[in-house]
Number of protein chains: 2
Amino acid sequence: MARPSVKEKRTEEILNAFEKCVARFGVEGSTLEKIAEEAGLRRSLLRHYIGNRDELIDALIARYIERSDADMQLLANSLKNASPQKIIDYLFYEEGDLTAQVSQALMVAAPEHENIRKQLTRWTNDFHDQLTNILKAIYPDATKDNLHIVSAGIEGIYLNAVSFNVLDDMENMKAASKAAALKLLQTLDKT
Amino acid sequence: MARPSVKEKRTEEILNAFEKCVARFGVEGSTLEKIAEEAGLRRSLLRHYIGNRDELIDALIARYIERSDADMQLLANSLKNASPQKIIDYLFYEEGDLTAQVSQALMVAAPEHENIRKQLTRWTNDFHDQLTNILKAIYPDATKDNLHIVSAGIEGIYLNAVSFNVLDDMENMKAASKAAALKLLQTLDKT
DNA sequence: TATTAAATTGTCAATATTGACAATTTATGG
DNA sequence: CCATAAATTGTCAATATTGACAATTTAATA
């Protein structure tokens, strides 16, 4: 017998706005006012629905990691025994620039935010393990070392390639990066 | 017949402090007060020697790019006809974490700072060209495409590996990254 | 329609940050 | 010592940012 709650909806809107701001201004550059404006809400509503600045950051990183974990699961499932080309195609599929820029901004904020640093560290290691497992399924004869090495290399090329999104006219570099990832992966062929 | 000028010295000190802050707090998180405190100077001196906030940022990126260009020249000269292992060793030599974190923070600031974005874009392309040339000297028979691809891949692995510095306990990943770069480079062997 | 819980708006003070510039101190050459 | 140019300190106002909370409005339902 009361007004219906829009808490979930608003929370999503706020965090979406926060992400957009983080991509443009970084974590420290995202003032509550900017976030509110981006969300089309009053600043007081950020506080009402989520909390103060620190709690907003916690909510952001929590949702980001949650989604990244989900994406990783999807990746792991989709790529069981996929071909090398398929794997690279999947990985380098344009997922909308936001994620990459947010990830980079969070990295920059990591030194001062214990919470962010821990979560990103765990995620990075998880991602590595997942990718290594995927590769292992395709190349069962490859040595553990080689699997680790190639996995780390692909991950590096991939993460760096998406970071090109903030620069101008990097299409060539992105294409070359993708080709490099495939080439590295194919070093596992001959064993 | 006047007091000797310390302008150059102070300017260096200020920009050093700015870099440290940028590595910790990002560009937008580096307030003039924090920079001044890090430099052990009054905030008014930042203004006196360099200027307002925007001018400080311009000075920072200018010096950063200048140094990066110099490093790149050194790299190009040092690695003329070096062995693959030498090249990778040189590239992955620990140069003091600062540079990497500053670079990443500048990337995050790029969307909102035309100046930063342009300069980083140019530098990234230059770096790619230099590395490609170095590889070409060692592998004169490799195709242009393959040189580009391997160069982009190594660059990606390298840049991403240094970004691990902000996370915890990433020694394994860094080592694997280095090995991956070498492995990728060696794909140019057989041609 | 009256009630009720939630959404939304509005306001205020405390603090942080920046820009601008005056005032003072200091080290050197003459 | 004196004049001078530079360094350094100090201060002030304007603006930005945040935290906190009161006041109001709105939509469902009994």
Side-chain angles (χ1 to χ4, degrees), chain A residues 1-61 105 108-109 111-116, chain B residues 1-61 105 108-109 111-116:
Chain A
M1 46 167 119
R3 193 173 174 178
S5 172
V6 293
K7 182 161 185 165
E8 276 195 29
K9 187 173 183 295
R10 288 281 175 275
T11 299
E12 287 301 297
E13 289 170 353
I14 292 168
L15 293 182
N16 288 342
F18 197 177
E19 275 197 352
K20 275 192 196 173
C21 285
V22 164
R24 280 184 56 188
F25 311 112
V27 173
E28 302 304 325
S30 296
T31 67
L32 301 185
E33 286 293 359
K34 282 179 185 166
I35 299 169
E37 185 186 355
E38 176 69 41
L41 300 173
R42 298 304 176 94
R43 179 169 65 87
S44 2
L45 289 183
L46 309 195
R47 178 177 194 73
H48 178 66
Y49 286 112
I50 303 188
N52 63 21
R53 186 178 173 73
D54 284 338
E55 292 167 316
L56 271 167
I57 292 178
D58 285 345
L60 184 77
I61 180 71
V108 169
E112 286 300 295
H113 293 267
E114 187 95 359
N115 192 12
I116 294 179
Chain B
M1 46 167 122
R3 195 173 173 178
S5 173
V6 292
K7 181 160 187 166
E8 276 195 28
K9 187 171 184 298
R10 287 282 174 275
T11 299
E12 288 300 299
E13 289 171 353
I14 292 169
L15 293 183
N16 288 343
F18 197 176
E19 276 197 352
K20 276 193 194 172
C21 287
V22 163
R24 281 185 55 187
F25 311 112
V27 173
E28 302 306 325
S30 297
T31 67
L32 301 185
E33 287 293 358
K34 283 180 185 166
I35 299 169
E37 184 186 355
E38 176 69 43
L41 300 172
R42 300 301 176 97
R43 180 168 64 87
S44 5
L45 290 184
L46 310 196
R47 177 178 195 74
H48 178 65
Y49 286 112
I50 303 188
N52 63 20
R53 185 175 172 75
D54 284 338
E55 292 167 317
L56 271 167
I57 292 180
D58 285 345
L60 183 77
I61 179 69
V108 170
E112 287 299 296
H113 293 267
E114 186 96 0
N115 192 13
I116 293 180

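Just so it is clear: chains get the letters A, B, ... in the order the sequence lines come, proteins before strands, and each one is counted from 1. These values consider heavy atoms only, across backbone and side chains, with no hydrogens, waters or symmetry-generated copies.
Contact annotation for R53(A): backbone-only contact, meaning every heavy-atom pair under 4.0 Å involves sugar-phosphate atoms and none involves a base. Among the heavy atoms of the strands lying under 4.0 Å from S44(B) is at least one base atom, whether or not backbone atoms are also near. Among the atoms of the strands shown, only primed sugar atoms or phosphate atoms (P, OP1, OP2) are found under 4.0 Å from some heavy atom of R10(A).
When rounded to the nearest whole Å, the span between CZ of R3(A) and C1' of dA6(C) equals 7 Å. Here the C1' atom of nucleotide dT17(D) and the CG atom of D54(A) are 14 Å apart, to the nearest Å. Atom C1' of nucleotide dA7(C) and atom CD1 of I14(A) are separated by 12 Å, given to the nearest angstrom. Atom P of nucleotide dA20(D) and atom CG of L32(A) are separated by 12 Å, given to the nearest angstrom. In this structure, Y49(A) places its OH atom 12 Å from C1' of dT9(C), rounding to the nearest Å. Note: CG (L45(A)) to P (dT9(C)) measures 6 Å, nearest angstrom. When rounded to the nearest whole Å, the span between CD of E33(A) and P of dT18(D) equals 8 Å. Whole-Å rounding puts the E28(B) CD to dA16(C) C1' distance at 15 Å.
Closest to the side chain of A2(A), out of dT8(C), dT4(C), dG19(C), is dT4(C). Nearest to the side chain of P4(A), among dA28(D), dT9(C), dT9(D), sits dA28(D). Of the candidate nucleotides dT18(C), dC12(C), dT8(C), dT18(C) has the atom nearest to the side chain of R43(B).
Here the rule is side-chain contact (heavy atoms from CB on, under 4.5 Å) with I35(A), and of V22(A), L41(A), L46(A) only L46(A) fits it.
Using a 4.0 Å cut-off, some side-chain N or O of R47(B) falls inside it from OP1 or OP2 of dA20(C). The side chain of H48(A) places no N or O atom within less than 4.0 Å of a non-bridging phosphate oxygen (OP1 or OP2) of dT8(C).
When all heavy atoms of L45(B) and I14(B) are compared, the closest pair comes out as O-CD1, 4.0 Å.
Side-chain contact between T11(B) and I50(B) is present, with at least one heavy-atom pair separated by less than 4.5 Å.
Comparing R42(A) and T31(B), the nucleotide of DNA chain C nearest to each residue sits closer to the 5' end for R42(A).
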Give the intermediate values and the outcome of side-chain contact (heavy atoms from CB on, under 4.5 Å) for residues L32(B) and L56(B). CA-CA 9 Å; L32(B) 301 185; L56(B) 271 167; 3.5 Å; yes
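Between K9(B) and E13(B) a salt bridge is recorded (basic side-chain N to carboxylate O distance below 4.0 Å).
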